[in-house]
Amino acid sequence: MPTSWADSVAAAENTAAGSYGSSNSLAPNRPTYVPPHLRNRPSSSEAAAAPAPAPVAANTGVPAVSGGNRWAAPRNDFRSGGYGGGGGGGGRGGGGWNNRSGGWDRGRDREVNPFGNDDGAEQQFVDQENSGINFDAYEDIPVETSGDNVPPPVNTFAEIDLGEALNLNIRRCKYVKPTPVQRHAIPISLGGRDLMACAQTGSGKTAAFCFPIISGIMRGQFGQRAQRMPRTACPLALILSPTRELSCQIHEEARKFAYQTGVKVVVAYGGAPINQQLRELERGVDILVATPGRLVDLLERARVSLQSIQYLALDEADRMLDMGFEPQIRKIVQQMDMPPPGVRQTMLFSATFPKEIQRLASDFLANYIFLAVGRVGSSTDLIVQRVEYVQESDKRSHLMDLLHAQRANGAHGKQALTLVFVETKKGADSLEYWLCMNGFPATTIHGDRSQQEREQALRSFKSGNTPILVATDVAARGLDIPHVAHVVNFDLPNDIDDYVHRIGRTGRAGKSGLATAFFNDNNTSMARPLSELMQESNQEVPAWLARYAARVSYGGGKNRRGGGGGGRFGGRDFRRDNNFNRGGGDYYGGGNTNNAYGGAPGGGYGGGYGASGGYGPGVASAWD
DNA sequence: GTGGGGG
């Protein structure tokens with residue numbers, strides 16, 4: 001029995017003919033190419049069969065978009081004082097909960113219900129696809145931790161004293177028990193420790209860093225908040241992500257977790273009017289979710305100060321620290337008024353963590369714990385990966401073959417959602433146009449579109465109204481789009497980690513998915529890493545791809561993951577790798593892969609302001 | 001070189 005649309009799609013594609021020839025000796029032989037106009041068929045009816053948009057209205061009857069003065073009651077929790085000593089990190093079960101009485105709480109009953117119609121209305125028979133996370137898919141996955149005194153994992157949310165309000169929201173979210181990354185990461189964070197966490201796409205990372213932040217703020221263990229400048233917001237926690245849509249998504253999720261806790265979450269990102277964001281900030285903010293550019297803007301306008309930050313979380317942390325983002329992140333984290341490592345608590349999350357990036361990241365961390373959950377930084381075996389040899393000139397018609405096969409097998413009378421990744425913004429527009437001209441309802445998301453267009457495209461895709469989304473890498477990371485049955489790498493990325501994130505848009509929350517990549521001689525550098533990744537995730541590697549991979553010159557370079565270590569799960573702590581540890585830095589206090597737990601992480605932070613001793617200035621950044 | 005991220 002198929003458990004998802006992807007299954008039926010996969011079944012269909014087993015019989016779908018590929019039809020492409022190639023002159024390359026390594027490339028597979030295929031039957032004759034049939035031009036699209038001979039295979040195309042009219043299809044105006046399919047779009048009408050698409051599912052209706054999901055209901056958005058909250059059962060409170062309050063409009064979902066906050067626009068009025070609902071939050072107008074001023075907060076009076078802008079307290080004075082410094083970092084509050086940062087103590088008590090390990091104290092669980094102690095001290096009472098801060099009920100955060102104040103202006104915010106007075107308006108609590110008017111807080112927009114972020115759960116919409118779901119709240120309280122337990123459906124008796126929920127569609128399998130909507131019943132939450134498939135936890136069976138997460139049994140027995142490998143876990144590796146390293147660092148000093150790693151707190152032991154928990155098996156249930158009940159074991160953790162997150163507080164009643166948060167527990168209620170966890171139930172509202174229908175989370176029954178923690179996912180593996182949550183089981184390990186939450187105790188580490190609650191223990192006050194810095195964390196670098198590497199976990200599969202779609203395995204619940206957002207909650208893993210949100211729960212401890214919300215819980216910690218509710219406990220109010222941070223003393224008083226500085227507030228001298230009346231129009232400057234001083235959040236207690238900062239969550240950064242690389243794209244606007246991902247920040248929005250994190251904000252929406254965090255609002256659910258923080259519902260009726262008195263913890264206020266605000267989002268700030270570019271491309272949207274800044275005035276509304278400024279108003280939200282003025283009404284008070286505990287957790288600020290932001291993209292780097294807009295945050296820098298707000299900091300320079302002195303509308304936000306980071307002096308009260310106690311928690312810093314970087315989602316997609318390896319992306320945030322790569323060449324493009326690193327200068328902005330350094331500015332935010334190191335050159336503004338943010339408390340240093342060891343004073344604030346820092347959490348880095350991603351499905352991938354190249355060793356070079358780990359080394360950069362250690363500048364932002366103090367005595368941190370490295371956590372790796374699951375195999376090869378990604379792609380559970382739940383994602384069926386296929387690679388097909390397709391010449392550039394044949395890509396469009398080959399894509400159409402795949403789409404036709406899906407359309408014919410669309411379960412539930414709807415076409416499965418297909419996410420198509422391309423390399424460039426122009427390429428995205430042009431492919432979208434071509435698909436539409438050929439009767440396939442498609443839209444596109446990329447950085448040349450206005451923010452309104454981007455959000456509209458995402459909505460239209462999610463609702464099934466436009467079941468094909470052509471995207472650049474803006475959509476590669478983090479976005480949680482239910483029912484994406486198929487990810488097509490129309491253009492393969494140049495980096496295997498990007499591939500991992502892209503295909504991770506399907507097969508989420510324990511559900512299965514399909515990923516198809518078009519490979520040709522422009523992608524030879526990906527042959528070996530791709531082949532290795534597929535092997536590690538128990539995928540069938542086509543013989544022709546294995547032949548490419550076997551060529552010494554193909555993909556043996558920097559693209560290889562794990563420093564050539566291959567076969568190990570999850571990525572490894574670079575501190576344990578001699579090749580990366582010869583600079584003399586004493587990063588690594590001791591390995592405890594066996595989770596040897598020596599008791600509470602005794603009061604606090606590991607001295608020093610980060611493990612900055614080890615590497616010379618040469619490794620800092622090409623942009624410095 | 002592409003992509004993302006502030007006007």
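Everything numeric in this text was worked out from a predicted model, so none of it was measured. So that the names make sense, note that chain A is the first sequence line, chain B the second, and so on, each numbered from 1.
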Apply ring-ring contact (aromatic ring centres under 6.0 Å, His included) to [X] and list each qualifying residue two or more places apart in sequence or on a separate chain.
X: A/Phe209; answer: A/Phe349
X: A/Phe353; answer: none
X: A/Phe461; answer: none

Counting distance alone, no hydrogens or angles: does the base of B/dG3 have a donor or acceptor under 3.5 Å from a partner atom on the side chain of A/Glu423?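 Looking at the base of B/dG3, it does not pair with any donor or acceptor on the side chain of A/Glu423 (distance under 3.5 Å).
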[N] [atom2] sits how many Å from [X] [atom1], rounded?
X: A/Asp297; N: B/dG4; atom1: CG; atom2: C1'; result: 17 Å
X: A/Gln277; N: B/dG6; atom1: CD; atom2: C1'; result: 11 Å
X: A/His501; N: B/dG3; atom1: NE2; atom2: P; result: 19 Å
X: A/Asp495; N: B/dG4; atom1: CG; atom2: P; result: 16 Å
X: A/Arg244; N: B/dG3; atom1: CZ; atom2: C1'; result: 13 Å
X: A/Tyr269; N: B/dG4; atom1: OH; atom2: P; result: 16 Å

Indicate, with a heavy-atom threshold strictly under 4.0 Å, whether A/Arg319 touches base, sugar-phosphate, or nothing. base
Mind checking if A/Asp473 touches a base, just sugar-phosphate, or nothing, with heavy atoms under 4.0 Å? nothing
Nearest to the side chain of A/Lys425, which nucleotide is it out of B/dT2, B/dG3, B/dG6?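 The nucleotide sitting nearest to the side chain is B/dG3.
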Applying side chain to side chain contact (heavy atoms under 4.5 Å, CB included), can you list everything that pairs with A/Glu392, at least two apart in sequence or on another chain?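 Applying side chain to side chain contact (heavy atoms under 4.5 Å, CB included) to A/Glu392 gives A/Lys395, A/Asp491, A/Asn520, A/Asn522.
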Indicate the atoms forming the closest heavy-atom contact of A/Pro242 with A/Leu246, along with that distance.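 Nearest pair, atom of A/Pro242 first, then A/Leu246: CD-CD2, 3.9 Å.
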If you take any heavy atom closer than 4.0 Å to DNA chain B, which residues from residues 444-457 of chain A end up in contact?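 When residues 444-457 of chain A is checked for heavy atoms under 4.0 Å from DNA chain B, the hits, listed by number, are A/His446, A/Gly447, A/Arg454.
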Are OP1 or OP2 of B/dG5 and a side-chain N or O of A/Thr243 less than 4.0 angstrom apart? no
Is there a side-chain polar atom (N or O) of A/Thr291 under 4.0 Å from OP1 or OP2 of B/dG6?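 Checking B/dG6 against A/Thr291, a side-chain N or O does come within under 4.0 Å of OP1 or OP2.
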Which pairs with one or both residues in residues 236-251 of chain A pass salt bridge (charged side-chain N to carboxylate O under 4.0 Å, His left out), sequence neighbours excluded?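 Non-adjacent pairs meeting salt bridge (charged side-chain N to carboxylate O under 4.0 Å, His left out): A/Glu245-A/Arg454.
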